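Remarks on the structure that follows.
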Amino acid sequence: MRTHPGTTRTSRLLGSLLLVAAAGVSSFAAAPAPSGRAEPPLTPLGRIVPAPMRVEAGGEGYEITARTRIRAATPEERRAGEYLAKVLRPSTGYRLPLTDRAGGDGIRLRISAEPRNKALGAEGYRVLSTRGSLTITSWTGAGLFHGVQTVRQQLPAAVEKRTGQRGPWRIAGGTITDMPRYGYRSTMLDVARHFFTVDQVKRYIDQAALYKMNKLHLHLSDDQGWRIAVDSWPRLATYGGSTQVGGGAGGHYTKAQYKEIVAYAAARHMKVVPEIDMPGHTNAALASYAELNCDGVAPPLYTGTAVGFSSLCVKKDVTYDFVDDVIRELAAMTPGEYLHIGGDEAHSTSHEDFTAFMARVQPLVAEYGKTVLGWHQLTGAKPAEGAVAQYWGYDRTGAAERERVVNAAKNGTRLVLSPADRSYLDMKYTKDTPLGLDWAGFVEVRRSYDWDPATYLPGVPADAVMGVEAPLWTETLSTSAHLEHMAFPRLPGIAELGWSPAATHDWEAYRTRLAAQAPRWDALGIGYHRSPQVPWPAR
Ligand code: TNX
């Protein structure tokens, strides 16, 4: 049944739903086991990451069998159905045909504008598992997709394997009602320090989508490489992209390849946020075009890992022709609303020049229909109206720098939080971690998870926090196995901070749920750091 209710009713229902949710959450958040006693095994309903807003167990639950059909009628329903079928078919060996016929049995995917679905917002969903059927309902395609990910985590980990496995494939009985805490849940991949192929990026997208991340921030340019083709300045990619840290061959995405990444992410309800880092971190561009340098001399390509030595020439008009062209071409192939202009570590740009540069560049982003995102140094200039600053400070960030960010937030600049000593996936876990850096300290799993985005920066109004990001810088990382060792298990923790209600936040409960993810990573071929802080199952 599809109804189109009036807004009054919608908001009334929203109010009551949230009350119920708040009540449900406290009963769900598992209490830590008294020490010395073995924790009970987690039921499938209790092991979902990120923790859902509300879980009510009950009844036998639906079993997927050879006779199961997937009922999906609208294009959005079918897209979610196809995605689910692709996950399930290889391991179950079942046909799992899609049908657009309505019916009371099977797996039912339903877009519905009923008030209680609309009340769950643009990404919320409900899963109802009974003996006769499994129903995922949402107001949006994104919600259905997140519901599919939740169902996936309810099934035995072997479902992730790509060869036939033994069932049974039962989804625990009950109802899950879920919606995200924050609308911006992101991970960043630095494809500039080391280049990663389209297939490697797709693999990372799949891993982030499993945990309901909805943004992929691509760090597309830095001193060591320029990774995106720009027709009006072709040498950026062909020359500026021709190497990487350590001197390897580097690479860049053609426009068609970039669009392929964007489409692959979109099919997983993730938006790409492209970053061109300016005015610092620009050696690859400066090496490609001599005229971008104040002295008119192109520096050599750079394959080391120092930061802060390069700057676009702020006083030259050609700099803004260049930036205009780059932003125009990038905006044209980016459907998402945000364009990241970097702005960090511009140590070779004077404060005056930095402010002047940002004053000229931010309007260009708006001119091409995008919203400015910048590293939090943007708050040292004048953030444009509506701009978003990404905080990457850490426990030793100076008070003055913090205060600039807090004041900007009070004045309307929204924040994405990616504190380096919490959410940076490239920080070593411990002194023994073979990969990664340690300038923000060691970041073990607990430290990475155990903070609250709403209160992290005292003085920031809670509604200024738009969400969180887990950045993965790649000075020391050059393979998918490297990425995975650093992202797992910390990426799911940041995803949970972005998605789950604050009331579910509890390290003891989280580490148990996290441990239950490991067999899934094994099945997916994802290597991870077996942190001693987490009670991993024996292999
Ligand atoms: C700081 S975070 C940087 C990057 C480095 C990273 C390494 C930020 C905005 N700038 O240039 O890759 O540290 O952890």
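The basis for the numbers below is simple: all heavy atoms, side chains too, and nothing from hydrogens, waters or symmetry mates. Whatever order the structure lists ligands and atoms in, that order sets their numbers, starting from 1. No experiment lies behind these values; they were computed from the predicted model shown.
A salt bridge does not link Asp426 to Arg193: none of the charged nitrogens lies less than 4.0 Å from a carboxylate oxygen. A salt bridge links Glu123 with Arg185: the closest approach of a Lys/Arg side-chain nitrogen to an acidic carboxylate oxygen falls below 4.0 angstrom.
Heavy-atom minimum distance, Trp375 versus Glu275: NE1-OE2, 2.8 Å.
The Asp426 neighbourhood of ligand 1 comprises atoms 7 (C), 14 (O), with distances under 4.0 Å to a heavy atom of that residue. Ligand 1 places these atoms under 4.0 Å from at least one heavy atom of Leu437: 7 (C), 14 (O). Distances below 4.0 Å separate heavy atoms of Met427 from the following atoms of ligand 1: 14 (O). In summary, the atoms of ligand 1 found under 4.0 Å from a heavy atom of His281, numbered by their order in the structure, are 11 (O). Annotation for ligand 1: atoms under 4.0 Å from non-hydrogen atoms of Trp439 are 1 (C), 7 (C), 13 (O), 14 (O).
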Could you give me the CA-CA distance, side-chain angles and deciding distance for Glu475 and Gln224, then say whether side-chain hydrogen bond (donor to acceptor under 3.5 Å, both in side chains) is met?
CA-CA 10 Å; Glu475 284 94 332; Gln224 299 86 347; 6.0 Å; no
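Given atom 9 (C) of ligand 1, the protein heavy atom at minimum distance is Asp344 OD2, 3.0 Å. Ranking the protein heavy atoms by distance from atom 3 (C) of ligand 1 puts Glu345 OE1, 3.4 Å first. Scanning the protein heavy atoms around atom 2 (S) of ligand 1, the nearest turns out to be Tyr424 OH, 2.4 Å.
The shortest heavy-atom distance from Gln377 to ligand 1 is not under 4.0 Å.
Aromatic ring centroids of Trp499 and Tyr182 lie 6.0 Å or more apart. You'll find the ring centres of Tyr338 and Tyr184 inside the 6.0 Å limit. Separation of the Tyr289 and Trp226 ring centroids does not fall under the 6.0 Å cut-off.
Comparing Arg193, His376, Glu475 by heavy-atom distance to atom 11 (O) of ligand 1, the nearest is Arg193.
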